[in-house]
Enquirer: 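My structure is below; once you've seen it, I'll send some questions.
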Amino acid sequence: MSKFVLKLYITGHTPQSERAISNLRRICEAELNAQFEMQVIDVLEHPQLAENDRIIATPTLIKSLPPPLRRIIGDLSDSERVLLGLDLTPLS
Amino acid sequence: MPSNNPSMISKLATGIPGFDSIAKGGLPEGRTTLLAGSAGSAKTVFAVQFLAEGVRQFGQHGVFVTFEEAPADIRRNMASLGWDIAAWEAEGRWAFVDASPLPGETEVIAGAYDLGALLARIEAAVNRVGARRLAMDSLGSLFSYFENHALIRSELFRISTALKLMNITAIMTAERTQEYGDISRYGVEEFVVDNVMILRNVLDGEKRRRTLELLKFRGTNHQKGEYPLTVLPGQGIVVIPLSAIELKQRSSNTRIASGSHELDTMCGGGFFRDSIILVSGATGCGKTLISTEFAASGASGDERCLFLAFEESRDQLTRNATGWGKDFEDLESRGLLKVIAAYPETMGLEDHLIAIKMAIDEFQPNRVAVDSLSALERVSTVKGYREFVIGLTSFIKHREIAGLFTATTPRLIGGESITEAHISTITDSIILLRYVEMFGEITRGITVLKMRGSAHDKEIREFSIDASGMHIGQAFRNVTGILSGHPRHVEPHEIKRLDTLFTDHDEG
C-alpha cells in the first residue's frame, strides 16, 4: 500500500474541528496501517494556505497522494463516505 | 427627517455614474446589499465596478469574492472596461478571494461542515488590504455546490453580520430565473440582507433594455422604479437617473434670437435663454430650416450651437444651409458651430443620450438643435423613448442652454406625433408648422401654440421659403380648421357675424 498524504483544514479549535481530527485519526489507524502522513491546518492561522487550496467549507480533508487528488468535506463522522472519498473500500 | 440624524444609516457613494443620485447618496454604509439579476444583466460588471470606483475615485480598497469566474477571467474581461485589476492587486488595493469551482475535482460530503474557512479567508483579505468595500459574485454557484441550502443561508447571514462588524459595505449578487418574479432563486433576500436591488435585461419590442431597480433600502430613502442603464466600453455601467433629476433650474427672462425676426415677433420678442422649444410639422415643411436659422443666428452674438442631425448627413445639411444663405463650414471653422450627424440606428437610445451629454460637456454650447428628435423614436420602445426625451430635456435645462427640437408628424396634414405627446408638457414653447390645402393649392402655415411666461401671437400665419430663408406673412383669414387638418373657407360675412356674437347688444 502506498503512503497516504492528507491535509485536514479546520477553522479554529471548535468541537466540530476536534471531532474531525479524532474521526480522521481513528479511520486512518484502522484502515491505513500507519501508512499515512497527516497535517492539520487551521485556516485562522494560515489563511494563505487555505487561499491556495481554495478552501471554502471546513472541515475539509484533502488527499494529495496517492492520486487522484480528493476533497472530503465535513467532520468525517460518516466513515463509509470517508473511505469512499479515499478510494478505499471498508474491510469486512 | 433631517439627514444628519445620527440614528439614520449613512450612505457610501459608489462612484458609479448616475447610481448615487437614484440611491440618494449611495449604498447603505456598513451593510450588505443584494444585487439580483438574470443571466446577462451585468451583475458581475456592477459588482466589479463598485470596487473599481472605490479604488479609483475614493482610495477605498476592495475585496472581491468570486464563486463563479476565476480571477484570471475577471481581470481579463474587465480590462476592456478600462480597469487594471492586476495593477491594483500589486499595489495592495484589491484582493481576490477565489472560491471558484475547481475543474475536474470531485468532492465527497462526509459529515457536518460550515463556511468558517470562507469567512476566515474574507477577514484575512479585508485586513490585508484594509478594505472598505466587498463584493461576492455570485451566490448561486455556492448553492449549487453545497446541498444544504438552509446551512448556506445561515452561513451567509453569519458572513454579512461579520462584514457589518468590520464596517464593510458589501454587494452580494444572486441569480434570478425570471425578469419579473421571485427576487432571487434561493431566497437569499429573506435571510441575509436588508437591501435589495434588481438588474434587468428585458427584451421589449425587439430591443434590449437594461434597467436597475432599488427594491428596498431598509431604513433609508431612495428613488422608486426602474432606471435605464447602459454598459459603455472604457467606462462601465452608467445609470440614467430620470425622475431623480431635480427641477431646480433657474428661469431666465433673457431673450435670444430665433433666427427669424418675424418668428421673434410672434414669440413676443424671441425665445427664452434657457427654454426648450419644440418645432413640430410634417416632412418637408421647414423644420430643418428653422433649426438651421436657430443654429446660425447665435453666431452673431458669439454663441455656440451644437447641431445634432439624425435625419440628414453633414454634407446635406451644409448644402441646405448654403441654399438658405448660411455658411455652416465657416461657422464650424470659427468654433461657433458643431454639427454631429448620426443615424439613429448606430446605437441604443441610452448610448445616444450619453453621447449627446458628452458632446455638450465637451463643446459647452449655448444652444442645442436636434433635428429631428422623432427620428430616434424608431430605435427604441415607447417607454425607453419617453425616458430618453425626459433625460435629454432635463439635462439641457440644467445647463441653462436653449434647446430646439424638431418632431416630424406622421401625417402630412394636421396630426400630432409621439414626441409631442411626450414632451409637450416639458417644453416651454411649441411651434407648429402645417401644410394648408386651400382651393387646390398647398401653402405652409406657422403658429406659436405655447410660449411659457410670455404673450405671443395666437394667429396662424402663412409662410414661404426661398433662397434667403423663411418669410412669415399674413395670418390666414377666412379659414378655419387648419390644425385639425380640415381647413375650410369661411365667408367674410360669416366671420363678421361670429365677431358680433359675443358683443353686448343694447336691450330693447
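Letters go in sequence order (proteins before strands), and every chain restarts at 1.
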Enquirer: Taking atom CG of B:L156 and atom CG of B:L151, what is their separation to the nearest 0.5 Å?
Expert: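 Answer rounded to 0.5 Å: 9.5 Å.
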Enquirer: More than 12 non-hydrogen atoms from neighbouring residues, nucleotides or ligands closer than 6.0 Å to CZ on B:R158, yes or no?
Expert: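 For B:R158, atom CZ is crowded (more than 12 foreign heavy atoms under 6.0 Å).
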Enquirer: Which residue out of B:R128, B:E155, B:R121 racks up the most heavy-atom pairs below 4.5 Å with chain A?
Expert: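 Top count of heavy-atom pairs under 4.5 Å with chain A: B:R121.
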Enquirer: Looking at B:A125, B:A124, B:G116, B:A99, which makes the most heavy-atom pairs under 4.5 Å with chain A?
Expert: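 That would be B:G116.
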Enquirer: Just give me the residue among A:R81, A:R70, A:R54 that pairs up with chain B most often, heavy atom to heavy atom, under 4.5 Å.
Expert: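 Most pairs with chain B among the choices: A:R54.
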Enquirer: Less than 4.5 Å to any heavy atom of chain B: does that hold for the side chain of A:T11, its backbone, both, or neither?
Expert: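 Contact with chain B involves the side chain of A:T11 alone.
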Enquirer: If you count heavy-atom pairs under 4.5 Å between each of B:Y113, B:F146, B:F67 and chain A, which one has the most?
Expert: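 Of the options given, most contacts go to B:Y113.
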Enquirer: Would you mind telling me which of A:I56, A:L61, A:L44 has the largest number of heavy-atom pairs within less than 4.5 Å of chain B?
Expert: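 That would be A:I56.
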Enquirer: Quick check for you: among A:P59, A:S79, A:A57, A:A20, which has the greatest number of heavy-atom pairs under 4.5 Å with chain B?
Expert: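 Most heavy-atom pairs within the cutoff with chain B belong to A:A57.
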Enquirer: If you measure from CG on A:L83 to CD on A:E31, what distance do you get to the nearest 0.5 Å?
Expert: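 If we round to the nearest 0.5 Å, A:L83:CG and A:E31:CD are 4.5 Å apart.
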Enquirer: Atom CG in B:L12, atom CZ in B:R31: separation rounded to 0.5 Å?
Expert: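 With rounding to 0.5 Å, CG (B:L12) is 13.0 Å from CZ (B:R31).
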Enquirer: Check for me whether the distance between the ring centres of B:F46 and B:F19 falls short of 6.0 Å.
Expert: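 Yes: the rings meet the under 6.0 Å criterion.
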Enquirer: Chain A: which of B:L119, B:L118, B:V108, B:I109 shares the most heavy-atom pairs with it under 4.5 Å?
Expert: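 When all of B:L119, B:L118, B:V108, B:I109 are compared, B:V108 has the most.
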Enquirer: Let me know if A:E51 has heavy atoms under 4.5 Å from chain B in its side chain, its backbone, both or neither.
Expert: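 Contact with chain B is through both the backbone and side chain of A:E51.
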Enquirer: As an exercise: rank B:G111, B:S100, B:A117 by heavy-atom pairs under 4.5 Å with chain A and give me the winner.
Expert: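 The residue among B:G111, B:S100, B:A117 with the greatest pair count is B:A117.
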Enquirer: Nearest 0.5 Å, what's the CH2-CZ distance between B:W94 and B:R133?
Expert: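 One finds 10.5 Å between CH2 of B:W94 and CZ of B:R133.
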Enquirer: Quick one: what part of B:F96 sits under 4.5 Å from any heavy atom of chain A, side chain, backbone, both or neither?
Expert: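 Just its backbone gets close to chain A.
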Enquirer: State the CG-CD distance between A:L84 and A:E80, to the nearest 0.5 angstrom.
Expert: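 These two atoms lie 8.5 Å from each other.
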Enquirer: Let's test your reading of the structure: which of B:L115, B:D98, B:V97 forms the most heavy-atom pairs below 4.5 Å with chain A?
Expert: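 Going by pairs under 4.5 Å, I would pick B:D98.
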Enquirer: Among A:D78, A:V82, A:T58, single out the residue with the greatest number of heavy-atom pairs under 4.5 Å to chain B.
Expert: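 The option with the most such pairs is A:T58.
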Enquirer: To the nearest 0.5 Å, what is the distance between CG (B:L102) and OH (B:Y145)?
Expert: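 Reported to 0.5 Å precision, the distance equals 5.5 Å.
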Enquirer: Quick one: do B:S141 and B:S144 satisfy side chain to side chain donor-acceptor pair (under 3.5 Å)? Show the steps, please.
Expert: CA-CA 5 Å; B:S141 322; B:S144 57; 5.3 Å; no
